[in-house]
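This report refers to the structure that appears directly beneath it.
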Amino acid sequence: MIWNESYECMGREEMREVQNKRLRTTVEHVYHNSPFYRAKMQELGITPMDIETIDDLVKLPFTTKTDLRDQYPFGLFSVPMSEIVRLHASSGTTGKSVVAGYTRKDLSTWSEVIARTFTSGGCSRNDIFQIAYGYGLFTGGLGAHYGAENIGASVIPISAGNTEKQIQLMTDFGSTALCCTPSYALYLGEAIEDMGIKDKLKLRVGFFGAEPWTEAMRLEIEKKLNIKAYDIFGLTEVIGPGVSYECYAQKGMHINEDHFLPEIINPKTLEPVASGEVGELVFTTITKEGMPVIRYRTKDLTRLMYEPCSCGRTSVRMHKIMGRSDDMLIIRGVNVFPTQIESVLMEFGETAPHYHLYVDRENNTDTFDVHVEVRPENFTDDMSSMLNLRKRIEARIQSVVGIHASVKLVEPRSIERSIGKAQRVTDKRNLYKE
Ligand code: DLL
């Protein structure tokens, strides 16, 4: 069953009409209700009258994560606060998070697009969904939760972590669908394999996203958990998970383009690339009320596929994410910017501004090591004072970035100096490789 056949399988011309109309409404909405967008449009000398069809998108200004940070917390909201019924947030490039606000209608749109995600994977009210994405400010848990309830499935809101309990409930409750990050799925798969209880599971499908993963990982997850593993994509600024999803063909993710208009631009020139070429993914939301975004630069690299899909859906597909045009890392599902770590390190007078981040994956869990130089006047053989400094930095990283890093204090001048752009990250995971 397809959740909303009318939109997912609409003719291209018909879809274009829907998009034109919704884009016009959105531009009117932000022009009149968002001082931020009104000012941006006035700067470019455009008014809503200049936007008639989606071909006019290119006239509109871009929105970036920096804009969101500058407008922290609610500066991009286009409705009064009394209409906002939910807030979510994700990491910004420095200390401040990026905040998203949803009206009741936005939440309903969200649960609809996630419902499409799940029905495209063959799920229905007969499924038992184990939601092992984190609940809270992160959009994964609650996003998947309401989508699964929307299709009438039984939902286990277990959130992330607590592997033993996950496996126990998975067996006792007979979960049939699993939602979590792909790395956690692999971790669970390994634990299940070690326990030798694969045969006791009723799992048949999984919806994994929030971080990059390769085809090789997909095969391993599918084998270890004996399921079909689907890639799902989204970002807080646009709505959360539910922006795009794979169908059974697993040949790219169908974009819910009746809600989110995609473009691909060259991240250097900011010009649209030729059809089918790789570039930076940009989204304009065309139905959101609370916090619509116009030409939001995701910094994710991919390409669009307009050819018909064997599943029958006519919506445009995006290729698996192929990289980032900035330096954001996703570690254990958490978005981490090297600049965030740098600002934490700079809070400590004892450390020098020379550091290197190492990311790797061991036993399907990301490892994150931060090497930082201690200033010569603070470097000492006194192990307890060094241990104390290390612990304080680790606690601060945990509280600001929301992730545990193993800090290693290294001798003054031991981190390689660069003569050009500093190379501060070594990521051995190769997650964007096919
Ligand atoms: O990660 C929303 C989400 C939750 C998506 C659960 C899928 C499942 P943010 O925390 O704002 O939102 O992070 C968004 O994560 O710009 C991508 O770089 C990355 N990302 C999300 N899904 C995928 C995916 C959620 N399937 C950022 N493949 C995005 C690769 C992904 N990267």
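These values consider heavy atoms only, across backbone and side chains, with no hydrogens, waters or symmetry-generated copies. Whatever order the structure lists them in is the order used to number ligands and atoms, beginning at 1.
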Could you tell me, atom by atom, which parts of ligand 1 come under 4.0 Å of a heavy atom of [X]?
X	answer
Gly140	4 (C), 6 (C)
Met328	18 (O)
Leu235	11 (O), 12 (O), 14 (C)
Arg324	16 (O), 18 (O)

Counting only heavy atoms, tell me which of [options] gets closest to [atom].
atom	options	answer
atom 26 (N) of ligand 1	Thr302, Ile232, Val334, Leu301	Ile232
atom 30 (C) of ligand 1	Gly209, Ser90, Pro212	Pro212
atom 2 (C) of ligand 1	Gly234, Ser244, Cys179	Gly234

Nearest protein heavy-atom contact for [atom]: which residue, which atom, what distance?
atom	result
atom 19 (C) of ligand 1	Ile330 CD1, 3.4 Å
atom 28 (N) of ligand 1	Glu211 O, 3.3 Å
atom 10 (O) of ligand 1	Asn335 ND2, 3.3 Å
atom 29 (C) of ligand 1	Asp300 OD2, 3.2 Å

Does [X] pair with [Y] as a salt bridge, N-O distance under 4.0 Å?
X	Y	result
Glu257	Arg12	yes
Asp366	Arg361	yes
Lys224	Asp194	no
Asp258	Arg116	yes

Sub-4.0 Å heavy-atom approach of [X] to ligand 1:
X	result
Lys320	no
Phe138	yes
Met253	no

Q) Do Tyr31 and His29 have ring centroids that are under 6.0 Å from one another? A) no
Q: May I ask you to check whether His371 and Tyr355 place their ring centres under 6.0 Å from each other?
A: no
(Q) Please verify the inter-ring angle class for Phe260 with Phe283; under 30° counts as parallel, over 60° as perpendicular, anything in between as tilted. (A) perpendicular
Q. Taking the inter-plane angle between the rings of Tyr184 and Tyr187 on a 0 to 90° scale, is it parallel (under 30°), tilted (30 to 60°) or perpendicular (over 60°)?
A. parallel
Q.
Checking contacts here: is it the side chain or the backbone of Lys299 that comes within 4.0 Å of ligand 1, counting heavy atoms only? Could be both or neither.
A. neither
Q. Counting heavy atoms only, which part of Thr236 comes closer than 4.0 Å to ligand 1: side chain, backbone, both or neither?
A. both
Q: Using ring pair (Phe, Tyr, Trp, His ring centres under 6.0 Å) as the criterion, list what pairs up with Trp110, not counting sequence neighbours.
A: His88, Tyr102
Q | Contacts of Phe77 that satisfy ring pair (Phe, Tyr, Trp, His ring centres under 6.0 Å) - sequence neighbours left out | A | Phe74
Q. Can any side-chain N or O of Thr285 pair as donor or acceptor with the backbone N or O of Lys288 at less than 3.5 Å?
A. no
Q | Donor + acceptor pair across side chains of Thr314, Glu8 (<3.5 Å) | A | no
Short N or O distance, [X] and ligand 1, threshold 3.5 Å exclusive:
X	result
Thr298	no
Trp213	no
Ala210	yes
Tyr133	no

